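Following: one structure in C-alpha cells, then a few remarks.
Indexing begins at 1, ligand by ligand and atom by atom, following the structure's order. Treat the numbers as computed from the prediction; the structure is a model and nothing was measured.
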Amino acid sequence: MQEGAMQAWIESSQFSGGNAAYIEELFELYLDDPSAVPSEWRKLFDSLPTDGAAMDVKHSQIRDQFREAAKNKLKQSGSGSLNSELAEKQVRVLQLINAYRFRGHQHANLDPLGLWKQENVPDLNPEFHGLTKDDMSTEFNVGSLVIGKETAKLKDIHQALDSIYCGSIGAEYMHIVDTEEKRWIQQRLESQLGQPKFSEEDRQKILKELVAADGLEKYLGTKFPGAKRFSLEGGDALVPLVKSLIRRAGSQGAKEVVIGMAHRGRLNLLINVLGKHPQQLFDEFAGKNTTDKAGDVKYHMGFSSDFETDGGNVHLALAFNPSHLEIVNPVVMGSVRARMDRRGCKDGSQALPITIHGDSAIAGQGVVQETFNLSKTRAYQVGGSIRIVVNNQVGFTTSKREDARSTQYCTDIAKMVQAPIFHVNADDPEAVLFVAQLAVDYRNTFKRDVVIDLVCYRRHGHNEADEPNATQPLMYQKIKKHPVPREIYAKRLIDAGVVSEDAVQQLVSDYRDALDKGDCVVDEWRPMKNHSVDWSPFVDKDWDVEYDSSITLAELKDLGDKVSHVPSGFKLNSRVNKVYEERVKMANGDRKLDWGMAEILAYASLVKHGYRVRMTGQDCGRGTFFHRHAVLHNQKDASTFMPLTAIDDKQAPIEIYDSVLSEEAVLAFEYGYATAEPNTLVLWEAQFGDFANGAQVVIDQFLSSGEQKWGRLCGLTMLLPHGYEGQGPEHSSARLERFLQMSADHNWSVCVPTTPAQVFNMIRRQQLRPVRRPLIVMTPKSLLRHPDAVSSLEELAEGKFHNVIGEIDKINPKKVKRVVFCSGKVYFDLLAARREAEKEDVAIIRIEQLYPFPHEEMAEILKDYQHVKDFVWCQEEPQNQGAWYCSQHHFWAAIPDGAKLTYAGRAASSSPAVGYASVHKEQQQKLVNEALSI
Ligand code: AMP
C-alpha cells in the first residue's frame, strides 16, 4: 500500500483508536481467508490500494501502522478500552467461525463404526480464542456465517458451527483460493445448519433405494453362497447417492453420464442403478457363456441404459474395468470428452463423469494424480468430474493408516486441483444426498472436480469367501453388531412417523419378489435411445473388408497448397519457415514429399471429408523431432495457427494438443475417447517410443484385449518413435516385441512404415477402413529427413498401404541367392550397403505390417524367389527383442519349403541399446554386413 493512502485510511473516522486492534485482527483474518470477514469489511480490504508486492510482506507493515495509529488515538481520547475489549472479542468470534470452517471436519461424526480416533483440535474450543463462559450469552455479529441472522449469542453461534461442521458431513474446502467458490459452499452448507431437509416422499424413496441395495446383496448371498460378488454392504448409501447425482445432473441438462468404478458394489449398481436385468446377472453367476469371445468376470463388466429424470432421459454408461483399479478414471474422462465433442458441448454441461474409488486405491495409485492434473487442461478438461470414494476403511486386508497412506485423509490428493472434499457418514443417507446435490451444483457452477468421501465399512471380507477377522478383528467385531444401513434409516423414518414397520417389511418383500421375477428393478430405467453414435458399421468387420481410399492427384495438390499456407503477417521462426517453403514446393510437385508433409496431408484429406481428427502427445504439435509443425507459433506475438483448421468451410474439426507430461492417464484418456467415438481418428504420440512403458497397463489391459474381453472396439492409433540411431538405451526402442507378443485374434495392427506415401496411406486406411481396432506404429526419427525416404504425390495418390514392399532396385530375381526380410529404418542401411557393395544376388523385402502378418502379399512377392534357399531376418534390435522371436513363425511360414531362415542382428541383451555411439555404429555395420553377406 502506498504510504499516503494508508495514512488517510487509518485516520478516517471509522478507524478511530479504540477499533484499531479489532481492524488489525480482522485484517489478519482477511489475509488468511477473505471470505471469513463480513462482506462490507471484505469490500473495504479488497479496495485497499496495493503495489503488487506480496501481501504477507505488506501485512506486517500494515499491522505496525494500525498499532501506531491506535496508540495515538487512545492517547488523544484517553478512553475507549471497553469498546476495544468488545471489538477484540468480536474478532475472536470470527476466528472461531473460521476455525470451524477450516478444521471442523476433524471433529465431524464421519465413521459409522466410531473407530476413527479423532485428534484434539484446540481451535474448535472457544476458550482457545480467549472466549469464556461469560461471553456465551453476549450477542455478536456472525460475520459471514450464513445462519439467517446478523447477530447471535455466542452459545448459539457455537452450536450452529458444531452442527454445520461437525455433524455427519465433514467439509474440506478452505484450501480453495477463489473466494466466490468458498462463499458459495459456505452459503450452501451453513444455511442448512447441517440438517438438510427432505420431503416425506424423498425420504421414502431413499429408504426404498437402501432396501434395494441391501436386498440384492442378501439375495445373491443366499442364492450363490460363497460366490465372489464384492458386496456393497456397509456402503449401501452409494445406490441412492449415485441415483441422486444422475437425477440432479439430468434436471440440469446432462444428457449422458459415464461411470467408472472398481468391483466393490459394482453388481449392485448394475442392477439397482443401471437397470441390468437380474436374470442376466444370475445367468452370469451360473457361468453361462453368451459370447464367442474371451469374456471377463461379471464384476468387470460395463453396461449401458437410459434413466428418466426431470430434465429428460439421461444415457448411462458404466465403463468396463480391469482389476487395475484407478486406471478406469482417465478412460471415463476420455469417454466423456468424446461425448462432449460429439454434442458440441464445450463446458461439460451435457455429459458428466462419475468415478468411484476405493480408499486405498485413491491414495495409493499415481494415475489418480495424473487424472486430476488433466482436469483443467485444454486437451482433457471435461467441465469437472464427481469423484466418490467408497471408503470402507480397509484395502483388502490393509487398514492401518500408517500402512495405507501418508496423508490424513485418503482424498488429500484432490487438493492439488483445489477440489472441495465432502466426507460424509454413510449411515446418514440424508446427509449423503445433500452432499450429492451440492456436488452436482458445484461442478456445474464452477466446472471443477469435487470429491465425496462416503465413509462406510465393509460387512464381509475383501470378497465373500474371505475371512476378515484374521486381519481386522476389532473392526469386524464391531461390524457384526452394527445394524445395516437400511435398518438404521428405517428406524429413523419410523420414529419420525414417515413410514410404518409394516410398510418397511412390504418394501423388503416386494424387492425380493421383483428379483425372483428377474425383471429390471429400476423405476427410472428406459430403453436405450439417447446415445448418439452408431457402431454397427464396425461390428464384426475384419481386416479384409472392402473400403475406398482413393484420392485424386488434383485433390492432393489442392490440400497440399492449403496445408502449406500461412496467413499474411504471421511470422514464422526461420527454421519452420524453411520447412513450409519446402512444403509449398512439395505441393506443386517440384520436390518429393517428406514424412511431415505426407502425414499432414493424410489428416487434411480426412478432415476435408468430414472425419474428425484428434491428436495428443508429448510435444506433438511441433513433433519431438521437428518434423510435424502442425501448430505454428507467431514469432511476433506468440499466437498460434493450425493450417489444418483452414482446409474447407465444411471440414470436420481437428484438434492437436501437446499433452501433459504423462503417459498412463493420457493414453487411457485417448482409449476412452476412441472407444466412445468411432468417427474420429484418435492418435497418441509418445515423445520416444519406450515412454509408452509408463502406460503399459493401458496397453495390456485395454488396447490389446478390450475387444476380446468386453466387445469394445477401439480405433486408437499409437505413434511410437523407434529406431537405433545411437541415442542410447532409452531413446532407441519402442519395445516392438511387447506389441508383437500380445498380437493375437487380429486384435490390432502393428506397422512399421518406411516411406511418406506409406504413412499417408496407413493413416487414411485406419480411418476409412470400417474396422475399429488399434493401430500400433513404429514411427521413424532419422527417416523423417532421410534423402531416400521421400515419396511423390503420385505414390500418395495410389491410395494403398502396402503391407509388404518388394525389391525396388533392378535386380534380376533369378540371380538372387539370398532374400533379406526387414522392417523399418534398417532397410535404408541395407539398401545403401548393398548398392555400395554392388551386390546383385541379395534381394531386400520390407515388411511394413508385422501384424496381422500379410501372408498373401508376401506369397505374391516371394513368387519370384521360390528357388532361393537362404532367407535372413535382419533387425536392429537385440535378438531377444524386435520381431525375431514373436514373428519368426510367420517368416518360416512364408519361405519356400526346404529353405533356411537365419538371424542377422544384435546379440541378445537385457538393455535395449548400448549407450556409446561408437559401439552402436560398429554393431550396426556388423549386422548389415552379416545380413548382406558382405
Ligand atoms: P455407450 O454410449 O458407451 O453406452 O454405448 C452405447 C452402445 O453402443 C453400447 O451398448 C454398445 O452397443 C455400443 N458401443 C459403445 N461403444 C462401443 C465400442 N467401443 N465398440 C462397440 N460397440 C460399442
Side-chain angles (χ1 to χ4, degrees), residues 242 246 249-250 254-261 266 269-270 273-277 280 290-296 300-307 313-322 328 330-343 345 350-355 382 520 522 524-542 545 612 614 667-682 698 701-717 745-748 766-767 769-775:
V242 174
I246 297 165
K255 300 285 170 236
E256 304 193 53
V257 173
V258 185
I259 306 173
M261 70 183 299
R266 193 179 180 95
L269 250 59
L270 277 167
V273 177
L274 285 114
K276 178 170 175 160
H277 278 47
Q280 205 183 331
T290 47
T291 120
D292 57 349
K293 307 252 183 200
D296 201 348
H300 289 170
M301 289 305 202
F303 196 75
S304 305
S305 62
D306 284 4
F307 187 102
N313 288 2
V314 173
H315 178 69
L316 306 182
L318 176 67
F320 294 81
N321 190 78
V328 77
V331 175
V332 166
M333 303 307 161
S335 176
V336 167
R337 177 67 180 248
R339 290 161 208 263
M340 283 165 57
D341 289 351
R342 188 156 65 229
R343 291 175 175 277
C345 163
Q350 294 183 35
L352 169 73
I354 302 177
T355 55
V382 289
C520 172
V522 178
E524 299 89 341
W525 179 88
R526 295 291 170 273
M528 199 163 57
K529 282 204 194 108
N530 216 19
H531 70 280
S532 44
V533 68
D534 180 12
W535 281 89
S536 60
F538 313 102
V539 174
D540 293 331
K541 295 281 172 18
D542 212 339
V545 62
R612 296 179 77 116
R614 171 184 167 91
L667 187 62
F669 186 101
E670 301 307 339
Y671 171 83
Y673 196 109
T675 43
E677 181 50 78
N679 298 316
T680 297
L681 174 70
V682 186
V698 186
Q701 258 68 20
F702 292 91
L703 281 166
S704 69
S705 52
E707 186 184 347
Q708 276 299 309
K709 294 192 291 192
W710 312 316
R712 279 300 180 266
L713 304 173
C714 172
L716 180 70
T717 297
D745 303 317
H746 284 194
N747 59 338
W748 55 24
Q766 178 66 359
Q767 194 59 18
R769 183 164 59 179
V771 172
R772 289 295 174 266
R773 285 181 179 148
L775 165 62

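- Ligand-side atoms of ligand 1 in range of Ala317: 3 (O), 4 (O), range being under 4.0 angstrom from any heavy atom.
- If you take CD1 on Ile259 and OG on Ser304, they are separated by 10.5 Å, rounding to the nearest 0.5 Å.
- Using 4.0 Å as the threshold, Arg339 has a heavy atom nearer than that to some atom of ligand 1.
- Using a 4.0 Å cut-off between heavy atoms, Met528 contacts ligand 1 through its side chain alone, with no backbone atom that close.
- Contact annotation: Ser305 has no heavy atom less than 4.0 Å from any atom of ligand 1.
- By the 4.5 Å heavy-atom criterion applied to side chains, Phe303 and Arg266 are not counted as neighbours.
- The CH2 atom of Trp748 sits 11.0 Å away from the CG atom of Leu775 when rounded to the nearest 0.5 Å.
- Taking only nitrogen or oxygen atoms, main chain and side chain alike, Val539 does not reach within less than 3.5 Å of ligand 1.
- Classified by interplanar angle (parallel below 30°, tilted 30° to 60°, perpendicular above 60°), the ring pair His277/Trp525 is perpendicular.
- Within the listing of ligand 1, atoms 16 (N), 17 (C), 18 (C), 19 (N) sit less than 4.0 angstrom from a heavy atom of Thr675.
- Using a 4.0 angstrom heavy-atom cutoff, Glu707 does not count as in contact with ligand 1.
- For Asp540, the CG atom counts as loosely surrounded, since its 6.0 Å shell holds 12 or fewer non-hydrogen atoms of other residues, nucleotides or ligands.
- In the vicinity of His315, heavy-atom distances shorter than 4.0 Å reach the ligand 1 atoms 1 (P), 2 (O), 4 (O).
- By heavy-atom distance, the residue among Ser304, Ala674, Gly711, Gly706 lying nearest atom 21 (C) of ligand 1 is Gly711.
- Taking NE2 from His315 and NZ from Lys529, the interatomic distance works out to 13.5 Å, rounded to the nearest 0.5 Å.
- When each of Glu707, Gln767, Lys541 is checked for a side-chain contact (heavy atoms from CB on, under 4.5 Å) with Arg772, only Gln767 meets the rule.
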